[in-house]
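Down below is the structure, laid out as structure tokens.
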Amino acid sequence: MPMHLHLSACGRITALGPTLAKIAAQAKIGAGGALTGQDFFQLFDVRRPAGVTAMADLSARQGERLHLGLRGGDVAFRGLAMADVSGGIVLNLSFGIGVAEAVRAHALTNADFAATDLTVELLYLAEVKRTVLGELQRLNQRLQGAKIQAEEQALTDTLTGLRNRRALDLRLAQAVAGAAPFALLRLDLDRFKAVNDTLGHAAGDHILRMVAQILLAETRSGDLVARVGGDEFVILLPDLIRMPRLIAVANRIVAAIARPVEFEGHICQIGASVGLTVSTLYAPLTGDAMLQDADTALYAAKRDGRGRVMAFPDLVQER
């Protein structure tokens, strides 16, 4: 019993187990941590049952569960008392439900418990369970991260990093179902095929990435910019339906794309045409109708000479 106490008939500690001596030394209880020869009731406080303050009280409580602790320390014990033939008492102590905390606090090992005590095995199982649960939690976090990454990749155009057509369809459906007005811009590059045909697809890819950077720079963080085809782009702008401002944004984009781009010593000159419409024109509102009308305005801009912006309301008025 590595956590036993032997008390003389007058209540003096005559012997104790090594684990209890180790704990007392760490807590500096008694004379420099030594309990032998000390009065039990001056060092220990029997908290339950109440009224145990003398050897006679301990003798009367033989076989009952005792709750006690070291005075001046925060170590709590459970114990059983049994009288010996000389009038003394043997107390066998344990940590009870606080064993895990006690093991950590006092750096206890398997050697600090009785060979028949299953405490260490139980603590090992508890530690294994904690480790497994922690690993499962980390695995779940990794799986969640992989899921988010896969969903992000499924909505992203791999060449430009913009949103793709699937992302546009999802966002457009949300915008149509919501109450906030919005605008749609359809943009198509002019003379892009000539760059691909003369300088190759590497030059075309370079142009598309440059255009993507321009579109992101000229739009807000809450806007959606999607590449929906080879050189076709769609921009969804929430809460922006004032036509003068929309046309100003589109004109800035057209002007920026029209600037010459260098690729491997060659100057690439392209342009862009834009068609736009706003959600407040439609009753009932549908995403397909807006896309079709923006597309109609886009090709009207191309017919009028390219490198320009056409708003669908203006196109209808002209007709």
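The shortest side-chain heavy-atom distance between Arg186 and Leu291 falls under the 4.5 Å cut-off. Side-chain contact between Arg245 and Leu240: present, with at least one pair of heavy atoms (C-beta onward) separated by less than 4.5 Å. In this structure, the side chains of Phe263 and Ile207 stay at 4.5 Å or more apart for every pair of heavy atoms. You'll find the side chain of Leu236 reaches within 4.5 Å of the side chain of Phe182, heavy atoms only.
Of the inter-residue distances, the one linking Ile253 atom CD1 with Leu185 atom CG reads 6.5 Å to the nearest 0.5 angstrom. Put simply, CG on Leu208 and CZ on Arg227 are 5.0 Å apart, with the number rounded to the nearest 0.5 Å. Atoms CZ and CZ, on Arg12 and Phe41 in that order, are 12.0 Å from each other to the nearest 0.5 Å. Separating the CD atom in Glu262 from the CD1 atom in Ile267 is a distance of 5.0 Å, to the nearest 0.5 Å.
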Would Ser273 and Asp190 count as a side chain to side chain donor-acceptor pair (under 3.5 Å) here? Give the steps. CA-CA 7 Å; Ser273 299; Asp190 302 324; 3.0 Å; yes

Test log, rule side chain to side chain donor-acceptor pair (under 3.5 Å), inputs Tyr282 and Asp293: CA-CA 11 Å; Tyr282 300 85; Asp293 290 345; 2.7 Å; yes

Determine whether Phe40 and Leu68 satisfy the following criterion, side-chain contact (heavy atoms from CB on, under 4.5 Å), listing intermediate values before the conclusion. CA-CA 11 Å; Phe40 170 78; Leu68 61 160; 3.9 Å; yes

Check the pair Ile257 / Ile270 against side-chain contact (heavy atoms from CB on, under 4.5 Å), numbers first and verdict last. CA-CA 7 Å; Ile257 293 175; Ile270 63 168; 3.8 Å; yes

Give the C-alpha distance, both sets of side-chain angles, the deciding distance and a yes or no for side chain to side chain donor-acceptor pair (under 3.5 Å) between Asp84 and Ser86. CA-CA 6 Å; Asp84 65 10; Ser86 62; 3.0 Å; yes

Can Leu7 and Ile13 be said to form a side-chain contact (heavy atoms from CB on, under 4.5 Å), step by step? CA-CA 5 Å; Leu7 311 181; Ile13 299 173; 3.7 Å; yes

Verdict with reasoning, Leu189 to Val195, per side-chain contact (heavy atoms from CB on, under 4.5 Å): CA-CA 11 Å; Leu189 298 183; Val195 174; over 6 Å; no

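A salt bridge does not link Arg166 with Asp169: none of the charged nitrogens is closer than 4.0 Å to a carboxylate oxygen. Lys193 has a carboxylate O that lies under 4.0 Å from a charged side-chain N of Asp197, or vice versa, which qualifies the two as a salt bridge. Ionic pairing of Asp157 and Arg163 is not present here: no N-O contact between side-chain nitrogen and carboxylate oxygen is shorter than 4.0 angstrom.
When each of Val309, Leu215, Val234 is tested with Leu187 by the rule side-chain contact (heavy atoms from CB on, under 4.5 Å), just one qualifies, namely Leu215.
Summarising the local packing, CZ of Arg48 is surrounded by 12 or fewer heavy atoms from other residues, nucleotides or ligands at distances under 6.0 Å. Heavy atoms from other residues, nucleotides or ligands lying under 6.0 Å from CZ of Arg220 number more than 12.
Asp223 places no side-chain N or O within 3.5 Å of a backbone atom of Thr219 that could act as its donor or acceptor partner.
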